[in-house]
Amino acid sequence: MKQLKIKDNSFVQKEAFFEVTGIVKTVANKTLEQLEREGVFVFPEIVKDAEDITRDQMILQSVNDNYRSGNVMGFLGCGDERLVIESRFSSDNHDYLFQYLLERVLDFPNIINLETDANQDDKMFNLLLFLFPSYLNSAMRKGVFKTYVHNEYNDGNVKGTIDVARHIKKNIPFIGNIAYSQREYAYDNYLMQLVRHTIEFIKRKPYGHKLLSKVKDEIQLVVDATPSYQLKDLRRVISENKKNTVRHAYFHEYRALQQLCILILQNEKHQVGLGSRRIYGILFDAAWLWEEYMNMLIDDIFYHPMNKGGKGAQWLFSRNNGLIYPDFISRDSYNRIIADAKYKPIDNIGNKDYLQILAYMFRFDAKRGFYLYPEIEDKNDLIMRMNRGSSYEKNVEPRDDIVVVKHGLKIPKDACNYENFVSKIGFNEIEFKSSIKLSFSNKK
């Protein structure tokens, strides 16, 4: 097996990819949205109508003699080639930050820190399994999926279309039953059967019951809705779901769940990556993970509009013009602060980012803004004061009232194991949050 490991937000010379040219030809200069349509599993699901999300992100963007990686972490495969994208904070075959973000945001157990020679396909398959509770919970918020199904009956209560051939086969000599079929609106349908098969499959794993315990109420609803479940129907159920993709926009959570279930059930049956030209993989939007992680740290002092969930939408102008989703808006309206989570190196936070946060600050009458980013060096906050005046009049000078701060959370780089990493970053989180709180008190 040919394998290459790279890091997110980095430049890698093109010649380094000579062993994974099949993957490069398939994914280079393509957006996450394009790759998702081609079968790569992207978490979270790409949402098209949000303003500041990652549908235009590229895994590998060609830049002269290099490929530049983006805010994406995960695994890709094509034939016997594998590409592993780690966080830029990984070292010595340990990606503690990626592991920590998955644990904090998605409640994943320690499945990233496997043996260094472990099969990447096994890692990827485990990630798919541990995504299942989250996707099931999200879909079931819309209620149990209900659709039309074609049922066959053989009794005396004729309500649908008589099936002559089946009637002759089953009811000669005639004893009072009539074979007929009926189109009914039911919960016991192809999609719920697919979810049920996935649940039963995960239950057979050593960690299955513990994993599914997080969504036991949702699982009970699925079991109650699928009384006709039979293990022998698995192949037919998968085939039917591949032909009948959920298309209604209201049920997009079920569409994502359907895709995940098919991947889980097919990957186990055929092994990941069947076919020499098929691209497959699972990619995590690191920017989203970082933003949700920041929210867990500061949710008591900031509102968190959620562009991917369509919650807390704000508008720049009257009559609902200019949809925006600031990452964080302080709950203190008197000393308003806007914060923007950036999974970027500090030097990559530049002009476009500045214009965005200043627009948000202007919109919400905020005098102070923060960029919340991961930092591995011992750097102090970079405090930037907005200028006034014009170079034409030669009167440019910094203002005292409008400030933007690049505020980094230090990522431990010398942890001896994962437990040590968790302990160290816990102390850093306290210091990180205290500094933000101090900013509120300094303004009063």
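The structure displayed is predicted, hence computed values, not measured ones.
Pairing each heavy atom of Gly408 with each of Glu375, the nearest pair is CA-CB, 4.1 Å. In terms of heavy-atom proximity, Tyr254 sits nearest to Ala139 at CE1-O, 3.3 Å. Arg336 and Ser330 make their closest contact through NH1-O, 2.6 Å (heavy atoms, listed as atom of the first residue, atom of the second, distance). The two residues Lys344 and Ile349 have their closest heavy-atom pair at CB-CG1, 4.2 Å. Closest heavy-atom contact between Asn244 and Glu240: ND2-O, 2.8 Å. In this structure, Pro44 and Tyr135 approach most closely via the heavy-atom pair CA-OH, 4.2 Å.
The backbone N or O of Thr31 sits less than 3.5 Å from a side-chain atom of Gln34, completing a donor-acceptor pair. A donor-acceptor pair is defined here as one N or O able to donate and one able to accept, closer than 3.5 Å; such a pair exists between the side chain of Asn321 and the backbone of Ser318. Looking at Thr26, its side chain does come within 3.5 Å of a backbone N or O of Gly22 through a donor-acceptor pair. Side-chain N or O atoms of Gln99 include none that pairs as donor or acceptor with a backbone N or O of Tyr418 at under 3.5 Å. Side-chain atoms of Thr226 do not come within 3.5 Å of backbone N or O of Asp188 as any donor-acceptor pair. With hydrogens and angles ignored, the 3.5 Å screen pairs a side-chain donor or acceptor of Asn428 with a backbone N or O of Lys410. Judged by distance alone, with hydrogens and angles left aside, the side-chain atoms of Arg331 form a donor-acceptor pair with the main-chain N or O of Asp299 at under 3.5 Å. For Asn241 (side chain) and Val237 (main-chain N/O), a donor-acceptor pair under 3.5 Å exists by modelled atom type. Put simply, the side chain of Asn189 gets close to the backbone of Tyr187: a donor and an acceptor are under 3.5 Å apart. Side-chain atoms of Ser213 come within 3.5 Å of backbone N or O of Lys210 as a donor-acceptor pair.
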- Before giving the answer on side-chain contact (heavy atoms from CB on, under 4.5 Å), spell out for Ile238 and Leu234 the whole-Å C-alpha distance, their side-chain angles and the decisive distance to 0.1 Å. CA-CA 6 Å; Ile238 292 175; Leu234 175 59; 3.8 Å; yes
- Message: Between Glu419 and Val422, is the side-chain contact (heavy atoms from CB on, under 4.5 Å) condition met? List the steps.
- Response: CA-CA 5 Å; Glu419 290 70 25; Val422 173; 5.7 Å; no
- Message: Please evaluate residues Leu102 and Phe130 with respect to the criterion side-chain contact (heavy atoms from CB on, under 4.5 Å), reporting the C-alpha separation (whole Å), side-chain torsions for both, the decisive distance (0.1 Å), and the verdict.
- Response: CA-CA 10 Å; Leu102 290 177; Phe130 282 94; over 6 Å; no
- Could you give me the CA-CA distance, side-chain angles and deciding distance for Asp80 and Lys2, then say whether side-chain contact (heavy atoms from CB on, under 4.5 Å) is met? CA-CA 6 Å; Asp80 64 346; Lys2 304 170 184 176; 4.2 Å; yes
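Using the six-membered ring where Trp is involved, His248 and Phe251 have ring planes that are perpendicular, over 60° apart on the 30 and 60° scheme. Taking the six-membered ring where tryptophan is involved, the planes of Phe328 and Phe302 are perpendicular, since the angle between them exceeds 60° and thus also 30°. Using the six-membered ring where Trp is involved, His407 and Phe370 have ring planes that are perpendicular, over 60° apart on the 30 and 60° scheme. Using bins of under 30°, 30° to 60° and over 60° for the plane-to-plane angle, the ring pair Tyr67/Phe17 lands in the perpendicular bin. Taking the six-membered ring where tryptophan is involved, the planes of Tyr96 and His94 are essentially parallel, since the angle between them stays under 30° and well short of 60°. The aromatic rings of Tyr343 and Phe89 stand perpendicular to each other, their planes meeting at an angle above 60°, with 30° marking the opposite boundary.
Atom-to-atom distance recorded for Phe98:CZ and Glu103:CD is 13.0 Å, nearest 0.5 angstrom. Rounding to the nearest 0.5 Å places NZ of Lys142 at 5.0 Å from NE2 of His252. Going from atom CZ of Arg68 over to atom CG of Asn9 covers 9.0 Å, rounded to the nearest 0.5 Å. A distance of 11.0 Å separates CD1 in Ile199 from CG in Leu211, rounded to the nearest 0.5 Å. Rounding to the nearest 0.5 angstrom, the gap separating the NZ atom in Lys7 from the OG atom in Ser90 is 2.5 Å. Taking OG1 of Thr198 as the reference point, atom CG of Leu260 lies at 7.5 Å (rounded to 0.5 Å).
Lys424 is listed as a side-chain neighbour of Asp414, based on a closest heavy-atom distance under 4.5 Å. Put simply, the side chain of Asn137 does not reach to within 4.5 Å of the side chain of Pro133, judged on heavy atoms. Leu372 has its side chain within reach of Ile436: a pair of non-hydrogen atoms, C-beta onward, lies under 4.5 Å apart. Residues Phe75 and Glu86 have side chains not in contact (no heavy-atom distance under 4.5 Å, counting atoms from C-beta outward). A heavy-atom distance below 4.5 Å is not found between the side chains of Ser69 and Val12. Contact check for Phe132 versus Val195: side-chain heavy atoms found under the 4.5 Å cut-off. Two residues are said to be in side-chain contact when any heavy atoms from C-beta on lie closer than 4.5 Å; Asn29 and Gln61 meet this criterion. Taking 4.5 Å as the limit, some side-chain heavy atom of Phe43 sits within range of a side-chain heavy atom of Leu106.
Side-chain contact annotation: Asp285 with Asn71, donor-acceptor N/O pair under 3.5 Å absent. No hydrogens or angles considered: nothing links the side chains of Ser91 and Lys413 as a donor-acceptor pair under 3.5 Å. Glu429 and Tyr293 are linked by a side-chain donor-acceptor pair at a separation below 3.5 angstrom, with hydrogens and angles left out of the test. If you check the side chains of Asp224 and Gln220, you find a donor sitting under 3.5 Å from an acceptor.
Leu60 pairs in a side-chain contact (heavy atoms from CB on, under 4.5 Å) with only one of the listed residues (Ile23, Leu76, Ile6), which is Ile6. The only member of Phe317, Tyr360, Trp315 that meets side-chain contact (heavy atoms from CB on, under 4.5 Å) when paired with Ile324 is Tyr360.
The number of heavy-atom neighbours closer than 6.0 Å to CZ of Arg204, taken from other residues, nucleotides and ligands shown, is above 12.
The residues Glu81 and Lys25 are annotated as not salt-bridged, no charged nitrogen and carboxylate oxygen being separated by less than 4.0 angstrom. With respect to Arg196 and Glu200, a salt bridge is recorded, a charged nitrogen being found less than 4.0 Å from a carboxylate O. Contact check on Lys342 versus Asp327 returns no salt bridge, with no Lys/Arg side-chain nitrogen under 4.0 Å from an Asp/Glu carboxylate oxygen. The pair Arg141-Glu253 fails the salt-bridge criterion, with no side-chain N (NZ, NE, NH1 or NH2) lying under 4.0 Å from an Asp/Glu carboxylate O.
Annotation: cation-pi geometry not satisfied between Lys406 and Tyr373 (NZ/CZ under 6.0 angstrom from ring centroid, within 45° of ring axis).
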